[in-house]
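Heads up, the thing below is written out as structure tokens.
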Amino acid sequence: MNVRTWRGVPAPERPAPRTAPPPPASTASFAGIRFIMPRYDARRIESRWQKFWDEQRTFETPNEPPAGSTGKLYVLDMFPYPSGSGLHVGHPEGYTATDIVVRYSRMRGKHVLHPMGWDAFGLPAEEHAVRTGTHPRITTEQNIDTFRRQLKMLGFSYDWTRELATTDPDYYRWTQWIFLQIFDSWYDAAHEWTGPDGRRRRGRARPIRDLPIPPEVHALGPDDVRRFQDQHRLAYISEAPVNWCPALGTVLANEEVIDGKSERGGHPVERLPLRQWMLRITAYADRLGSELEDLSWPESIKLLQRNWIGRSTGAEVDFLVEGLQPAAGAPPRGFDEWRENRSRSSFPRHPEPNVVRVYTTRPDTLFGATYMVLAPEHPLADAITTDAQRAAVAAYREQASRKSDLDRTDLAREKSGCFTGAFAVNPVNGQRIPIWIADYVLISYGTGAIMAVPAHDERDLEFARQFDLPVIEVVQPPQAGESAIGFTGDGVAIHSGEYDGLPTQEFKRRITEDLHARGLGREAVNYRLRDWLFSRQRYWGEPFPIWHELDADGKPTGLMRADAAESLPVLHPHMENFRPTGNPEPMLSKAPDEWLYRTAEDGVRLKRETNSMPQWAGSCWYYLRFADPQNGERFIDPEVEKYWLPVDLYIGGAEHAVLHLLYARFWHKVLFDRGHVSTAEPFSRLVNQGMILGEAELTGYVRAPSGGAAPSQAAERDTGGGFQRDQIPPDRWVSLTDVVEQAGDQLADRVTGEPVVAMRLAAEDVMKQGGCLVLKERPEIVVDSRAFKMSKSRGNVINPDDVVQAYGADSLRLYEMFMGPLEQVKPWSMSGVEGVSRFLSRAWRMIADERADEVALNPAVQDVEPTEEQDRLLHRTIKAVTEDVEKLSFNTAISRMMEFVNGFSQWEPRPRSAMERFALLLSPFAPHIGEELWRVLGHGTSLAYEPWPAFDAARIAEAEVEIPVQVNGKVRGKLRAPTGADQAAIQSLAESDAQVRALLDGKTVVKVIVVPGRMVNFVVK
RNA sequence: GCCGAAGUGGCGGAACUGGCAGACGCGCUGGAUUCAAAAUCCAGUUUCCCUCAAAGGAAGUGUGGGUUCGAGUCCCACCUUCGGCACCA
């Protein structure tokens, strides 16, 4: 199936010409529109040029570099989820930034790849289907059409022939194919190899057929070999407690659960054991962390990822449990005997059944361990529990298993636990310590068991105090007088036998070595990162290309088969009803039997996997497909991949700092290990745009009407919790400084304790006084001014359609860039849009004749040589704009262009050459007016591939510069000096200046500091 | 609690490697143009003191210290806001 025809868009037939001349300026009609537009009329200009770019295929980019190319540049936007509400003003922020970069780069001769597509699988379309019965594909297509229209309306120079949607069967065919690559891989952590990037690495994904099969497994037969392989695949099935969200009807990844609620919708989430697909991202934890190093990403994002991966180093240590059998039927052995045994063997891969293995980052505190804790789910919990404690432990474990994550975190963190009755022996000193079970130890981290050192761990201390367990100090803090109890930093060892006096770091090294030598422990590394829960129970996601074998009774045998790569894609089954099953059973399990079952050639009955992939899957590799979107043979041609990848600049929201970027890097590394891509990292440079907030709102506070415990909800802001704005008795206002927040979001008056509600104010209600905004009618009342995240409930959402309708796309683009630095959070301001729109009008009038009946050149624009001053402004502007675009400092670039227009507008005549170069500078930012001005200046072709203007530093320099003269660091006067004057020259100039002499009169000059071209400072007494 | 980012006019923000704080834009004030309005153009706009005015002076980049001839920028401590993580041993 061809992706283009499937969506009803015919494939292009002829190669794209770069440019073609539009009708000459004298023609009275253009693109079929009457051409009377003396004033700057954004709407007419914009639709005309959009049509022109489309028809002329101006931005289509063949994979072959054009003659004279200065190199490839792949600039990518994070593709949007096409929601039903259309484009948000946040989208065009990053998209405009990349569009400026690519338009600029084309003018610098770069061969630019700049595509756009749709992250189109996802819940909302399916929820819509549940409500209306409309197939999610229909809804998705409609939403995509809206998004495409809106993006085209903004004049972005995407190569639309590369457009793709993750929901295209021709796309998810390869998503499924990549899944099969992951499924076909195991991670060989010991494998050392040199990649195509020339780097030596340890650890690699390898084909599952290369997995060594232990002889004892081999002996069990082929089915067991297959099960063994299945356990080692990078994509595997695991029965694990998962986050089941009944409201959404799906299981969610840990990352999608926030405070025990779903990230999307805020619905409660339950813990439930379920058979789920997992991706072994933890195998890559180390590389995902260390290979961040060379990337040009913001340090803060790298740190966020590193924290998410959460690498920690420490030691695993074995503790013998008293009175337990080392093996079935064997008699219990004593501590000394065990230790003796261990020192002869070595630290075993798996501990004996009577040994608890713990993970600790502080092996130096081993002498301070006063008890042990196992996670409630720990496999040894049953075996070690004494009969006396059995009932209590069972009850505790039962209760813990029912606790959701919400309960575990929200319950004011009160520690709970239960003694097992068992004791372990501390391997370093033979001390008996009790073993507890408590849910503050997680089964999913480390070994699921800890040694507790209450003196030097906050959680252990809290637990020890609650249950009256002993506390032994073993680390002396470096600062005298600091209490050792509760000290968690590095210090010097005490009460630690032969190790006393060792600094923490050295102690750690020594004891880890000693434990290792005696077979009692070893160095260990752990990660906070967990394997990626990769299945969902919804319809609108990629089906898995996997079959489960059934036995004669139709029951799954646990053995799996993958679909053949040639048979992909696995399409969705036809379904009428999209209502969730109401239980964790996947939607696809309701599919027709033809889809669900088949019989293999060897006669084995097969049932399809009915889970679907999560939305993250499609976005894990779309940047690869853009380079070769129509390839029917491979997911990407290797030569094309080598040419375009990696992405040189990737811009998107910071909300994807961890999930999307980590997942995509993981997939990329698997493909790299398996030889399908040539780079180890997909995105060499990353920039996060800052969120755009709503317009700043003024808020006053009012004591609620008596009896009315009004909630301070946003929705109440217009009514003030029962008051109309004009009816508020003056004495009910409360100053912002007196408003305090109480439990549960309630606001109250600090003085009286009465509840307080927020009340939206208008600009004319307030005035400025002493650095605060205050109420005009009662100036002692301080009010609040803040911008909030745009949201439907707050009613402060700005629709880009409306902005374009009123001011034009160029103004919207320019404003979004002018608001402030790209990475920064910033509030929207409609009058700011008006400001940049006025600038564009001034630029228009500077070049075009406003009084003429038809678009014509302003008579002031003439073929004259620029004056020295004009030349200076021109070249200074070119230099600044060029450098600012390189730095992505678009707001300052626009300021410079405003200065240019402010300068040139007052000059007549205006040299045509300067106006032309200005149009070129402006065009990446405001491409429609840029093209139009270029045409007015007499050019017949698009400026999209015109060379970027160059500047001449010599023309920027002035003959003289003004230099401030300071006395004791304060500016006291100015003098003019020749530009190149050296220190001595400037000093003598300053000293001979009458004004300066007057300042120095009667004082002793101690020192003179001269910074040539900058300033002079006389230090006097 | 831990980690990160940021605090500059009424507002968004600018200020290269320490060197004239407030570029540019918004808003506001006054003026021109107009029958009037919109649009446009011109001037002013950190605060305080002094002055009829001009000129001048002082303070000023979250707070308090420090380094320096000189600090928005560097160092130390703290406060506030935003973002992330949150029993990860």
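Order of the sequence lines fixes the chain letters, A, B, ..., with proteins taken first and strands second; residue numbering starts at 1 for each chain. Note: hydrogens, waters and symmetry copies are ignored here, and every other heavy atom, side chains too, is used.
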Extract from the structure each pairing of a protein N or O with an N or O of nucleotides 72-81 of chain B at less than 3.5 Å, listing the distance.
none

Q: Before accepting this row, confirm whether a basic side-chain N of the pair Glu883(A)/Lys879(A) lies closer than 4.0 Å to the acidic partner's carboxylate O.
A: yes

Q. What nucleotide among rA23(B), rA89(B), rC16(B) has an atom nearest to a side-chain atom of Arg1014(A)?
A. rC16(B)

Q) What is the nucleic acid contact for Gly835(A), judged by heavy atoms within less than 4.0 Å: base, sugar-phosphate only, or nothing? A) sugar-phosphate

Q) Start at the 5' end of RNA chain B and walk down; is the nucleotide closest to Leu304(A) or to Ala449(A) reached first? A) Leu304(A)

Q | Pairing nucleotide - rU40(B), Watson-Crick or G-U, each distance under 3.5 Å | A | rA32(B)

Q) How would you label the contact of Asn891(A) with the nucleic acid (heavy atoms, under 4.0 Å): base, sugar-phosphate, or nothing? A) sugar-phosphate

Q) Would you say Glu899(A) has more than 12 foreign heavy atoms packed within less than 6.0 Å of its CD? A) yes

Q.
How long is the straight-line distance from CG of Asn796(A) back to CD of Glu697(A), given to the nearest 0.5 Å?
A. 5.5 Å

Q) When you measure from the side chain of Phe818(A), which nucleotide among rG12(B), rC26(B), rC41(B) comes out closest? A) rG12(B)

Q: May I ask which nucleotide in the shown strands pairs with rU80(B), Watson-Crick or G-U wobble, both distances under 3.5 Å?
A: rA6(B)

Q | Options rC3(B), rA89(B), rC26(B), nucleotide nearest the side-chain atoms of Val441(A) | A | rA89(B)

(Q) Under 4.0 Å, counting only non-hydrogen atoms across every strand here, what does Met1015(A) touch: a base, just sugar-phosphate, or nothing? (A) base

Q: Tell me what Ser312(A) touches on the nucleic acid: a base, only sugar-phosphate, or nothing, going by heavy atoms under 4.0 Å.
A: sugar-phosphate

Q: Tell me the partner of rA58(B), counting only Watson-Crick (N1-N3 plus N6-O4 or O6-N4) or G-U wobble (N1-O2 and O6-N3) with both under 3.5 Å; none if nothing fits.
A: rU47(B)

Q) Parallel under 30°, tilted from 30 to 60°, perpendicular over 60°: which one fits the rings of Phe487(A) and His456(A)? A) perpendicular

(Q) Nearest to the side chain of Arg972(A), heavy atoms from C-beta on, is which of rA58(B), rG12(B), rC16(B)? (A) rA58(B)

(Q) With a 3.5 Å limit on both atom pairs, tell me what rG1(B) is paired to, counting Watson-Crick and G-U wobble, or say none. (A) rC85(B)

Q.
Taking 4.0 Å as the cut-off, does a side-chain nitrogen or oxygen of Arg838(A) come that near to OP1 or OP2 on rG27(B)?
A. yes

Q: Would you verify whether the NZ or CZ of Lys415(A) falls within 45 degrees of the ring axis of Phe463(A) while also being under 6.0 Å from that six-membered ring's centre?
A: no

Q: State plainly whether the residues Arg896(A) and Asp884(A) are in salt-bridge range, i.e. N to O under 4.0 Å.
A: no

Q: Quick one: label Leu303(A) by what it contacts on the DNA or RNA (base, sugar-phosphate, nothing), any heavy atom closer than 4.0 Å.
A: sugar-phosphate

Q: Under a 3.5 Å limit for both distances, which nucleotide forms a Watson-Crick or G-U wobble pair with rA23(B), could you say?
A: none

Q. Paired with rG18(B): which nucleotide, if any, by Watson-Crick or G-U wobble criteria at under 3.5 Å for both distances?
A. none

Q. Watson-Crick or G-U wobble partner for rG70(B), using a 3.5 Å limit on both distances?
A. none

Q: Mind running a 4.0 Å heavy-atom check of residues 896-906 of chain A against RNA chain B and sending the residues that fall below it, in number order?
A: Met898(A), Glu899(A), Asn902(A)

**Q.** Nucleotide nearest Ile1009(A) (side chain, heavy atoms from C-beta), chosen from rC85(B), rG19(B), rA89(B)
**A.** rG19(B)

Q: Tell me what Val1011(A) touches on the nucleic acid: a base, only sugar-phosphate, or nothing, going by heavy atoms under 4.0 Å.
A: base

Q. OG1/Thr313(A) to CG/Asn526(A) distance, rounded to the nearest 0.5 angstrom?
A. 10.0 Å

Q) Touch check for Glu299(A), heavy atoms < 4.0 angstrom, all strands: base, sugar-phosphate only, or nothing? A) nothing

**Q.** N/O (side chain, Ser841(A)) to phosphate O (OP1/OP2, rA39(B)) under 4.0 Å
**A.** no

(Q) Between Met898(A) and Val836(A), is there a side-chain heavy-atom distance shorter than 4.5 Å? (A) yes

(Q) Testing the 3.5 Å rule here: is there a donor-acceptor pair between the side chains of Tyr445(A) and Ser312(A)? (A) yes

Q) With a non-hydrogen cut-off below 4.0 angstrom, is Glu823(A) in contact with a base, only sugar-phosphate, or nothing? A) nothing

Q | Closest to the Asn307(A) side chain, choosing from rA86(B), rC69(B), rC3(B) | A | rC3(B)

(Q) Please check this pair: side chain of Arg845(A) against backbone of Ala843(A), looking for a donor-acceptor N/O pair closer than 3.5 Å. (A) no

Q | Phe918(A) ring center within less than 6.0 Å of Phe900(A) ring center | A | yes

Q.
As a test of reading the structure: which of rG4(B), rG12(B), rA89(B) is closest to the side chain of Lys826(A), going by heavy atoms?
A. rG12(B)

